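Note sheet for the following structure.
Owing to the predicted nature of the structure, the values given are computational and were not obtained by experimental measurement. Just follow the structure's listing: the first ligand is 1, and inside any ligand the first atom is 1.
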Amino acid sequence: MNNKPSNIKDVGTATLNYGNQQYKFPVFGGTIGPNVVDIRKLYEKADIFTYDPGFTSTASCESDLTFIDGDQGVLLYRGYPIEQLAKHSNFLEVCHLLLYGELPTPAKMAEFDHTITFHTMVHEQLGFLFRGFRRDAHPMAVMVGVVGALSAFYHDSTDITDQKQREIASHRLIAKMPTIAAMAFKYSIGQPFVYPLNKLGYTENFMRMCFAVPCDEYKVNPVLAKALDTIFILHADHEQNASTSTVRLAGSSGANPFACIAAGIACLWGPAHGGANEAALNMLREIGTIDRVPEYVKKAKDKNDPFRLMGFGHRVYKNYDPRAKVMREQCYAVLDELGMKDDPLLKTALELERIALQDEYFVERKLYPNIDFYSGITLKALGFPTDMFTALFALARTVGWVAQWKEMVEDPQQKIGRPRQIYTGPTKRDYIPLEKR
Ligand code: SDX
């Protein structure tokens with residue numbers, strides 16, 4: 001099962017002086033980015049743990065999928081800059097790149113397109129699962145439940161030790177996520193589900209499943225479809241972010257891929273992570289007009305106020321998120337196509353960005369707009385309700401989660417994830433019978 005070669009190079013050693021001992025640990029280098037000190041023997045040698053809540057300085061794995069240079073604002077998918085992929089590629093081609101490591105030849109692309117297209121339908125019984133939810137359930141609650149339930153339908157692709165089953169499960173997840181997301185949307189607005197149409201491309205198919213109704217023709221607007229396809233490319237993968245780490249940790253126990261992706265969806269929902277696009281739009285709505293922007297920038301800087309500027313800041317990017325630049329371009333393209341360039345939310349967002357980027361609180365903390373800052377305005381203009389924004393993020397991130405999960409399963413270095421802790425609770429004490437307390 002484990003067959004991923006290691007591309008790590010020895011680049012030296014690190015010495016730890018602790019107590020009256022000196023401990024040496026190997027330092028490894030990858031192709032680009034920081035070197036790592038291998039502390040796997042630390043506890044065995046020195047009887048101590050490292051302490052890194054939030055994993056700000058911890059590499060959890062070796063990966064050749066995605067690379068971020070947070071200081072330079074660089075994002076590479078298998079070495080290709082996100083700006084070039086957004087400009088020249090399409091989401092399904094990026095799916096092939098992330099899954100298989102290379103841009104496909106025309107023949108490979110046609111084969112991959114056919115494979116994914118013919119997995120877009122879901123088992124008919126899955127539709128009945130939706131009926132157990134209230135119509136006003138948050139689409140992410142529905143997605144977590146329905147994607148987890150895929151394990152109950154596709155038993156023939158849950159044996160993770162079988163390379164063919166891993167590949168089929170990967171294709172099924174990439175292909176069915178748009179269908180499931182569209183079903184969650186239709187269910188929430190009381191409209192009938194729309195089946196996928198094989199003659200349409202991946203993103204066009206998704207838009208038709210969301211916006212077509214049985215009583216009328218639906219024609220996909222190619223400008224809007226291209227914008228949404230580009231937005232999916234921007235969201236496809238992003239190193240070991242919280243939801244990807246969740247997928248990897250779940251997968252490290254041998255859990256089936258559908259259960260692992262459901263865990264990733266649950267984590268992505270959080271407003272500090274994928275839920276930020278929904279939260280950012282709600283924030284812009286709450287601010288309302290540009291004259292109220294200074295009041296909210298003040299709130300964001302106030303340590304006694306839990307309010308943060310949603311769509312701002314990032315654990316890794318200490319420069320402008322390169323995806324946010326492309327997202328802003330897509331935002332302009334969509335609003336232009338729809339004759340909405342005077343959208344008051346866009347005006348508020350641009351003023352908020354202008355003020356924040358010149359304020360020393362944000363400058364000294366290197367807080368810049370991230371991908372979620374402009375996505376909400378764009379997705380709202382495309383016709384999606386706010387509570388669908390994170391479901392769209394999950395749809396696009398599925399290929400990243402699947403590719404990272406597959407890499408983890410095939411990595412000979414990987415074992416079940418099981419962090420330790422620093423214990424600060426009570427020392428050992430004896431039980432006191434109730435009558436003596
Ligand atoms: C995504 O990891 C990924 O790659 C995620 C993602 C992906 O593609 O998977 O890129 C997608 O999740 C993007 C991030 C979306 N989240 C938001 O927009 C929510 C708002 N942002 C913050 O919650 C925050 O910036 C985080 C969670 C994104 C990052 O938090 P960190 O790295 O843990 O930084 P921190 O909380 O330690 O903040 C450092 C300082 C603090 O001030 P001080 O204690 O130093 O005085 O910056 C401040 C924070 O208070 N700060 C903010 C802020 N973000 C950080 N202050 C106001 N507004 C903000 N948005």
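With distances taken over non-hydrogen atoms, the option nearest atom 11 (C) of ligand 1 out of His238, Glu364, His273, Gln240 is His273. Remark: among candidates Met283, Lys318, Arg308, the nearest residue to atom 50 (O) of ligand 1 is Arg308, based on non-hydrogen atoms. If you check each of Lys303, Arg323, Lys299 against atom 44 (O) of ligand 1, the one with the closest non-hydrogen atom is Lys303.
Using modelled atom types and a 3.5 Å distance limit, the side chains of Arg397 and Gln404 yield no donor-acceptor pair. Between the side chains of Ser89 and Glu93, a donor-acceptor pair is found at a separation under 3.5 Å. Between the side chains of Arg172 and Ser157, at least one donor N or O lies within less than 3.5 Å of an accepting N or O. If you check the side chains of Gln72 and Asn319, you find no donor sitting under 3.5 Å from an acceptor. Ser57 and Asp52 share no donor-acceptor pair across their side chains, judged by distance under 3.5 Å alone. Remark: the Asp113 side chain and the Thr117 side chain contain an N/O donor-acceptor pair separated by less than 3.5 Å. Checked by atom type, the side-chain pair Gln414/Glu62 shows no donor-acceptor distance below 3.5 Å. Judged by distance alone, the side chains of Arg166 and Thr161 never bring a donor and an acceptor atom under 3.5 Å apart. Ser63 and Glu407 share a side-chain donor-acceptor pair at under 3.5 Å.
Between the CD1 atom in Ile231 and the CZ atom in Phe91 there is a gap of 12.0 Å [rounded to 0.5 Å].
For atom 2 (O) of ligand 1, the nearest non-hydrogen atom of the protein is Asn241 CB, 3.3 Å. The nearest heavy-atom contact from the protein to atom 60 (N) of ligand 1 is Leu309 O, 2.8 Å. Taking atom 9 (O) of ligand 1 as the reference point, the nearest protein heavy-atom neighbour is Arg397 NH1, 2.8 Å. In this structure, the protein non-hydrogen atom closest to atom 57 (C) of ligand 1 is Ala300 O, 3.6 Å. Among all protein heavy atoms, the one lying closest to atom 51 (N) of ligand 1 is Leu367 CD1, 3.6 Å. For atom 15 (C) of ligand 1, the closest non-hydrogen atom on the protein side is Asp372 OD2, 3.3 Å. Of the protein's heavy atoms, Phe312 O, 2.8 Å lies nearest to atom 21 (N) of ligand 1. The shortest contact between atom 16 (N) of ligand 1 and any protein heavy atom is with Ala272 O, 2.9 Å.
The atoms of ligand 1 that sit less than 4.0 Å from any heavy atom of Arg315 are 29 (C), 31 (P), 32 (O), 33 (O). Close approach of ligand 1 to Gly311 (heavy-atom distance below 4.0 Å) involves ligand atoms 17 (C), 18 (O). Interface of Arg365 with ligand 1, defined as ligand atoms under 4.0 Å from a residue heavy atom, comprises 40 (C), 42 (O), 43 (P), 45 (O), 46 (O), 47 (O), 48 (C). Under a 4.0 Å criterion applied to the non-hydrogen atoms of Met310, ligand 1 contributes the atoms 18 (O), 19 (C). Close contacts of ligand 1 with Ala276, meaning ligand atoms under 4.0 Å from a residue heavy atom, involve 15 (C), 16 (N), 17 (C), 18 (O).
Using a non-hydrogen distance threshold of 4.0 Å, Phe307 does not register as a contact of ligand 1. Within the 4.0 Å heavy-atom shell around ligand 1 one does not find Val316. Using a 4.0 Å cutoff on heavy atoms, His235 does not count as a contact of ligand 1. The closest approach between Lys301 and ligand 1 stays at or above 4.0 Å for every heavy atom of the residue. Residue contacts with ligand 1 do not include Glu239, since none of its heavy atoms lies under 4.0 Å from the ligand.
No part of Asp321 comes within 4.0 Å of ligand 1, judged by heavy-atom distances. Contacts between Tyr361 and ligand 1, counted as non-hydrogen atom pairs separated by less than 4.0 Å, involve the side chain only.
Between Glu83 and Lys325, no side-chain nitrogen of the basic residue sits less than 4.0 Å from a carboxylate oxygen of the acidic one, so the salt-bridge criterion is not met. The pair Asp305-Lys298 does not count as a salt bridge, with every side-chain nitrogen at least 4.0 angstrom from each carboxylate oxygen. Ion pairing between a basic and an acidic side chain is recognised when a charged N comes within 4.0 Å of a carboxylate O; Asp162 and Lys164 show no such pairing. Ion pairing of Glu353 with Arg328 is present here, as a side-chain N (NZ or NE/NH1/NH2) and a carboxylate O approach within less than 4.0 Å.
Protein non-hydrogen atoms do not reach within 4.0 Å of atom 37 (O) of ligand 1. For atom 5 (C) of ligand 1, the nearest protein heavy atom lies under 4.0 Å away. Shown here, atom 34 (O) of ligand 1 is out of close reach of the protein: none of its heavy atoms lies under 4.0 Å off. Per-atom contact check: atom 55 (C) of ligand 1 touches the protein, criterion being a heavy-atom distance below 4.0 Å.
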Please walk me through it: do Phe393 and Asn277 pass side chain to side chain contact (heavy atoms under 4.5 Å, CB included)? CA-CA 9 Å; Phe393 193 150; Asn277 52 19; 4.0 Å; yes
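At least one donor-acceptor pair under 3.5 Å links the side chain of Asn370 to the backbone N or O of Gly313.
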